[in-house]
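So that we are looking at the same thing, I have put the structure below in structure tokens.
Every chain is numbered from 1 and lettered A, B, ... according to where its sequence line falls, protein lines coming before strand lines.
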Amino acid sequence: MKPSFEHVWNLTEQEAIQLQTHLAKKVISSDEFLTIDYVAGVDVAYSKYNNTLIAGIVILDMRSLDVTESVVVEDDASFPYIPGLFSFRELPPVAKAFSQIKTVPQLVVCDGQGVAHPRRFGLACHLGVLYDIPTIGCGKTRLCGEYIEPSPERGSSSPLIDQTEIIGNVLRTQTNVKPIFVSVGHKISLPTANQIVLQLATKYRLPETTRQADQLVNARLKR
DNA sequence: GCGACAG
DNA sequence: ATCTTGTCGC
């Protein structure tokens, strides 16, 4: 699987912010897909001992949620972790992993925010626009926006609001468990994203895609 | 200036 | 994210 276009990655902080502002205009927040046969999960872990990033991608059969394909790659970390510029650190190794994927998914569930981002261009948006594929941003913690705590039962949610704008959903995937932050990545609407994440997180707090990718990456990390 | 800040 | 002990809340 290859990106629909390329851009340089060795940018300064200011250049990265400018690029985000530019690319944010390309984000589409309406449903632009038909059926989802395969859904991808992405996760990245950092190994502090050799300063590398380990990126894992799993392809799940959307109906059975069985793992159809998976790949793990390791790459040097070349960009620092800066809140708001997450994708410039994590996407290079993720792109390297995607280049080895044979099964093209119809949707990618990302570990990180989509438009729930200061410039409305989180990791999920960046990946979606680069590959021209529907993506969902799914974060464990908040980057920006305000919300009221959703009701404790599974399926309840409340809007994540920045200024006057709804930028995502705070979704309770398991009763009495901390909610997760769902936002539009690319070519999907917020209600659809919310529904799919809930469907993928039937057993655990995080969607099965993220869980499988996390498991894959950690198996490589701990050796 | 201070606090907040995806992974 | 990773590293880690005791501590707090339900």
If only atom types and distance count, is the side chain of Q212(A) paired as donor or acceptor with the main-chain N or O of V58(A) below 3.5 Å?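 Side chain of Q212(A) to backbone of V58(A), a donor-acceptor pair under 3.5 Å: no, none is there.
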Taking Watson-Crick and G-U wobble pairs with both distances under 3.5 Å, convert DNA chain B into its dot-bracket string, 5' to 3', dots for unpaired and | for cross-strand pairs. .......
Going by the side-chain hydrogen bond (donor to acceptor under 3.5 Å, both in side chains) test, which pairs reach into residues 144-164 of chain A, not counting sequence neighbours?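 Counting only pairs at least two positions apart or across chains, the side-chain hydrogen bond (donor to acceptor under 3.5 Å, both in side chains) contacts touching residues 144-164 of chain A are R120(A)-D162(A).
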Hey, could you give me each pair passing salt bridge (charged side-chain N to carboxylate O under 4.0 Å, His left out) that has a residue in residues 190-208 of chain A? Not counting sequence neighbours.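 Every salt bridge (charged side-chain N to carboxylate O under 4.0 Å, His left out) pair that includes a residue of residues 190-208 of chain A, provided the two are not neighbours, is E208(A)-R211(A).
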Donor-acceptor pair between T210(A) and D111(A) side chains, under 3.5 angstrom: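 Side-chain D/A pair, T210(A) to D111(A): absent.
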Has the side chain of K96(A) got a donor or acceptor atom that lies under 3.5 Å from a matching backbone atom of E74(A)?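 It does hold such a pair.
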Every protein N/O within reach of nucleotides 2-6 of chain C N/O, cut-off under 3.5 Å:
none

Boundaries of the chain A footprint along DNA chain B (any atom under 4.0 Å from a heavy atom):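 Listed 5' to 3', the contact boundaries are dA4(B) to dG7(B).
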Which residues in residues 81-92 of chain A have a heavy atom closer than 4.0 Å to any atom of DNA chain B?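 Residues of residues 81-92 of chain A that come under 4.0 Å of DNA chain B are, in numerical order, Y81(A), P83(A), G84(A), L85(A), F86(A).
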Results of salt bridge (Lys or Arg N to Asp or Glu O under 4.0 Å) for K26(A) - residues two or more places apart only: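 K26(A) satisfies salt bridge (Lys or Arg N to Asp or Glu O under 4.0 Å) with no other residue.
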Give the table of side-chain donor-acceptor pairs shorter than 3.5 Å for residues 80-91 of chain A, with sequence neighbours excluded, one pair per line with atom names and distance.
from: S87(A); atom 1: OG; to: H126(A); atom 2: ND1; distance (Å): 2.8
from: R89(A); atom 1: NH1; to: F79(A); atom 2: O; distance (Å): 2.7

Of the options I57(A), I133(A), V94(A), I59(A), which is the one that meets V108(A) in a side chain to side chain contact (heavy atoms under 4.5 Å, CB included)?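 Filter result, single survivor: I133(A).
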Nucleotide dA1(C), atom C1' - distance to CG of D111(A) in whole Å: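 After rounding, the gap between these two atoms is 10 Å.
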Watson-Crick or G-U stems of DNA chain C, 3 or more pairs, under 3.5 Å, by first number: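 The stems that DNA chain C takes part in number none, since no run reaches 3 pairs.
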Mind checking G139(A) for me? I need base, sugar-phosphate or nothing, with any heavy atom below 4.0 Å counting as a touch.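 Sugar-phosphate, no base atom in range.
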Are there over 12 heavy-atom neighbours, none belonging to I166(A), within less than 6.0 Å of that residue's CD1?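 For I166(A), atom CD1 is not crowded (no more than 12 foreign heavy atoms under 6.0 Å).
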Could you check whether Q199(A) and Q195(A), counting side-chain N and O atoms only, form a donor-acceptor pair closer than 3.5 Å?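 Their side chains do contain a donor-acceptor pair, which is all the 3.5 Å distance test asks for.
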Give the table of side-chain donor-acceptor pairs shorter than 3.5 Å for residues 177-187 of chain A, with sequence neighbours excluded, one pair per line with atom names and distance.
from: S183(A); atom 1: OG; to: G114(A); atom 2: N; distance (Å): 2.7
from: H186(A); atom 1: ND1; to: I28(A); atom 2: N; distance (Å): 3.1
from: K187(A); atom 1: NZ; to: D132(A); atom 2: OD1; distance (Å): 2.8

Whether E6(A) side chain and S4(A) backbone form a donor-acceptor pair below 3.5 Å: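 A pair under 3.5 Å: no.
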Apply the side chain to side chain contact (heavy atoms under 4.5 Å, CB included) test between M62(A) and each candidate in L107(A), T35(A), L200(A), D37(A); give the one that qualifies.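 Of the listed residues L107(A), T35(A), L200(A), D37(A), the side chain to side chain contact (heavy atoms under 4.5 Å, CB included) partner of M62(A) is L200(A).
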Hey, could you give me each pair passing side-chain hydrogen bond (donor to acceptor under 3.5 Å, both in side chains) that has a residue in residues 166-176 of chain A? Not counting sequence neighbours.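 Residue pairs with at least one partner in residues 166-176 of chain A: N169(A)-N194(A).
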Verify side-chain hydrogen bond (donor to acceptor under 3.5 Å, both in side chains) between T52(A) and N50(A), making sure each step is shown before the conclusion. CA-CA 6 Å; T52(A) 56; N50(A) 42 13; 3.0 Å; yes
Verify, without hydrogens or angle tests, whether Q113(A) (side chain) and L123(A) (backbone) share a donor-acceptor contact under 3.5 angstrom.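 Pair absent, no side-chain N/O of Q113(A) close to backbone of L123(A).
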Taking C-beta and beyond as the side chain, do V71(A) and V73(A) meet within less than 4.5 Å on heavy atoms?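 Sidechains of V73(A) and V71(A): in contact.
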Can you tell me how far P of dA1(C) sits from CG of N51(A), to the nearest Å?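 Going from CG in N51(A) over to P in dA1(C) covers 17 Å.
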Give me the one residue out of L130(A), V115(A), T135(A) that meets side chain to side chain contact (heavy atoms under 4.5 Å, CB included) with C125(A).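 Testing each of L130(A), V115(A), T135(A) against C125(A), the sole residue satisfying side chain to side chain contact (heavy atoms under 4.5 Å, CB included) is V115(A).
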Between residues 141-177 of chain A and DNA chain B, which residues have a heavy-atom gap below 4.0 Å?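 Residues of residues 141-177 of chain A under 4.0 Å from DNA chain B: T141(A), R142(A), L143(A).
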